[in-house]
Amino acid sequence: MLLKRMLQLSLLLTFIVILLGAYTRLADAGLGCPDWPGCYGQLSVPNSELEIAQANHLFPALTVETDKAWLEMIHRYFAGSLGVLVFAISVIAIVQKQVGRLLPVLVSVVVVFQALLGMWTVTMKLMPLVVMGHLLGGFTLFSLLALLYWQVRASECSHSALEQEPEPNVGHLVHNTKQRISPNSSVIKIIAVLALILLVMQIALGGWTSSNYAALMCTELPICQGQWRDYLDFSTAFQLIQPSQESYEFGTLDYGARMTIHVMHRFGAMVVSLVLISLIWQLFKQESLPCQHQAKWLTGLLALQLMLGISNVVFSLPIVVAVAHNLGAALLLLNVLYINHLLWQSTPKTSALGMRVGKEAYHE
């Protein structure tokens, strides 16, 4: 029970860290503190005249902007707290042996790598590849913690069922089979995996769009304004290792490259939407109630995400809508991941019971 509660808290905290990270990036506060892990050589933001004087002495070329510095440091405080919590979860999960060791170890590895990416984001002056990697790392941690939570919850339910439930009968087996998401058709599983892969790629493309400050390169719908095809520049737009710069803040690519990134993000949204709609249709076709329930959730999240994306264009990227677009992507990813988890999870006990019941029925 303790592990389950800690995982719930970690998921909430990860969601908050993703929110703060998006807000910090969109408010142009990613370099609010030019060093790491402190801020202008201190553990907190310089406030007094003496502290600001010391900061100016250490970084004479910079001006202390306390509002941006506080945004960055609050993000770091929450991320640091999350890291400590994740390490505690990993230790408890391994000691209790409630789930395997792979996921607990993996989430700790991701946390360490996220800390490194956070440091490199500052030391490499917002290099787009690092910023995109940092965003993907946050989404990866969110997904892994969710998978670990689902495993722990399933383990507790299974343990409780073994203690409370006597020898199951055929009727109980049939009832459980109807409630589980385990359709026989492999089509829906393939579509679910494809949806997950494409969604991850689209999130990465969104991170690339944001880190290259390309979100406002197209101001019209559905694709872009004017003769946008004449400006396409794929060779520069997706050059992951860009030429060295003193700072990548506010972007270094020319208009054509940024416009190409933005256009591809829109095309990606169209492709992902079509695949998700296909998945929704397949889920609604299943007789299983959990399938239909997840289809409703996916429909709502997809509709919300599309409206937020369109609003970013129509209203010229208001920060509240842009942050909500990031959070919507995180929730959409979690929803699709959960659908895959339900579709692909194995139930050895149920399968064994089904084989035994089948044999008994055959012999009778």
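For the side chain to side chain contact (heavy atoms under 4.5 Å, CB included) test with L253, the passing option among M217, M259, Q239, R258 is R258; the others fail.
In Y23, the OH atom is not crowded: 12 or fewer heavy atoms of neighbouring residues, nucleotides or ligands sit closer than 6.0 Å. The environment of CE in M201 is sparse: at most 12 heavy-atom neighbours from other residues, nucleotides or ligands sit within 6.0 Å. Other residues, nucleotides and ligands place more than 12 heavy atoms under 6.0 Å from the CZ atom of F87. Around the CG atom of L43, the shell of radius 6.0 Å holds no more than 12 heavy atoms that belong to other residues, nucleotides or ligands. Counted within 6.0 Å of NZ on K4, heavy atoms from surrounding residues, nucleotides or ligands total more than 12; the atom is thus considered enclosed.
The closest donor-acceptor contact from the side chain of R266 to the backbone of P222 lies under 3.5 Å. Judged by distance alone, the side chain of S155 and the main-chain N or O of Q151 form no donor-acceptor pair under 3.5 Å. A donor-acceptor pair is defined here as one N or O able to donate and one able to accept, closer than 3.5 Å; no such pair exists between the side chain of N335 and the backbone of L331. A donor-acceptor pair under 3.5 Å is absent between the side-chain atoms of Q292 and the main chain of L283, judged by distance alone.
Cluster membership for V112 and L85, using ILVMFWY side-chain heavy atoms within less than 4.5 angstrom, is shared. No chain of hydrophobic side-chain contacts below 4.5 Å, direct or via other Ile, Leu, Val, Met, Phe, Trp or Tyr residues, connects I190 to V193. Under a hydrophobic-cluster definition in which Ile, Leu, Val, Met, Phe, Trp and Tyr are linked whenever side-chain heavy atoms come within less than 4.5 Å, directly or via other members, L308 and L327 are assigned to different clusters. M307 and V272 are members of different hydrophobic clusters when ILVMFWY side chains are connected at heavy-atom separations under 4.5 Å. Under the 4.5 Å side-chain contact rule for hydrophobic residues, W344 and L198 share a cluster.
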L221/V314 under side chain to side chain contact (heavy atoms under 4.5 Å, CB included): CA gap, chis, key distance, verdict: CA-CA 8 Å; L221 295 168; V314 174; 4.1 Å; yes
Apply side chain to side chain contact (heavy atoms under 4.5 Å, CB included) to residues L82 and V111 and explain how you reach the verdict. CA-CA 9 Å; L82 174 62; V111 163; 5.7 Å; no
Working for side chain to side chain contact (heavy atoms under 4.5 Å, CB included), residues H75 and V17: CA-CA 6 Å; H75 177 223; V17 170; 3.8 Å; yes
Would you check, one step at a time, whether the test side chain to side chain contact (heavy atoms under 4.5 Å, CB included) holds for M119 with L116? CA-CA 5 Å; M119 177 182 68; L116 291 173; 4.0 Å; yes
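Using a 4.0 Å cut-off between charged nitrogen and carboxylate oxygen, R76 and E72 count as a salt-bridge pair.
Residues F238 and T260 meet the side-chain proximity criterion, which asks for heavy atoms closer than 4.5 Å. Taking 4.5 Å as the limit, every side-chain heavy atom of L199 sits out of range of all side-chain heavy atoms of L337. Within the 4.5 Å cutoff, the side chain of V110 has no heavy atoms near those of the V86 side chain. Under the 4.5 Å side-chain criterion, counting only non-hydrogen atoms from C-beta, L71 is not in contact with D67. Looking at heavy atoms from C-beta onward, M270 lies in side-chain contact with I223 at the 4.5 angstrom threshold. By the 4.5 Å heavy-atom criterion applied to side chains, K285 and Q282 are counted as neighbours. Between L148 and P104 there is a side-chain heavy-atom pair separated by less than 4.5 Å. Residues F284 and T299 are in side-chain contact: their nearest non-hydrogen atoms beyond the backbone lie under 4.5 Å apart.
F113 and W120 have perpendicular rings, their planes meeting at more than 60° on a 0 to 90° scale where under 30° would count as parallel. Between F142 and F15, the ring planes lie tilted relative to each other; the angle falls in the 30° to 60° range. The aromatic rings of Y213 and F250 sit tilted, their planes meeting at an angle between 30° and 60°. Ring pair W297/H293 is perpendicular by interplanar angle, where above 60° counts as perpendicular and below 30° as parallel.
Here the CD1-CG distance, from I188 to L343, works out to 5.0 Å after rounding to the nearest 0.5 Å. How far CG of L302 is from CG of L276: 5.5 Å, rounded to the nearest 0.5 Å. How far CD1 of I16 is from CD1 of I74: 12.0 Å, rounded to the nearest 0.5 Å. Taking CD1 from I319 and CG from L26, the interatomic distance works out to 5.5 Å, rounded to the nearest 0.5 Å. From T209, atom OG1 reaches atom CD1 of I261 across 6.5 Å, with rounding to the nearest 0.5 Å. Separation of atoms CD (Q305) and OG (S273) is listed at 9.0 Å; rounding is to 0.5 Å.
In this structure, P34 and L62 approach most closely via the heavy-atom pair CB-CD1, 3.4 Å. Y40 and G32 get closest at one heavy-atom pair: CE1-O, 3.6 Å. Looking at every heavy atom in both residues, G206 comes nearest to H265 through CA-CE1, 3.5 Å. Closest of all the heavy-atom pairs between I203 and A329 is CD1-O, 4.0 Å. Between L31 and S247, the shortest heavy-atom distance links the atoms CD1-OG, 3.8 Å. When all heavy atoms of L13 and S81 are compared, the pair lying nearest together is CD2-C, 4.1 Å.
The disulfide bond (SG atoms under 2.5 Å apart) contacts involving residues 17-62 comprise C33-C39, where partners must be two or more places apart or lie in separate chains. Residue pairs meeting the disulfide bond (SG atoms under 2.5 Å apart) criterion with at least one partner in residues 70-137, sequence neighbours excluded, do not occur; the list is empty.
Between the side chains of Q8 and Y149, at least one donor-acceptor pair of N or O atoms lies under 3.5 Å.
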Would you give me the side-chain donor-acceptor pairs under 3.5 Å for residues 125-140, sequence neighbours excluded?
unit_1	atom_1	unit_2	atom_2	d
H134	ND1	Q114	OE1	3.3
T140	OG1	L136	O	2.7

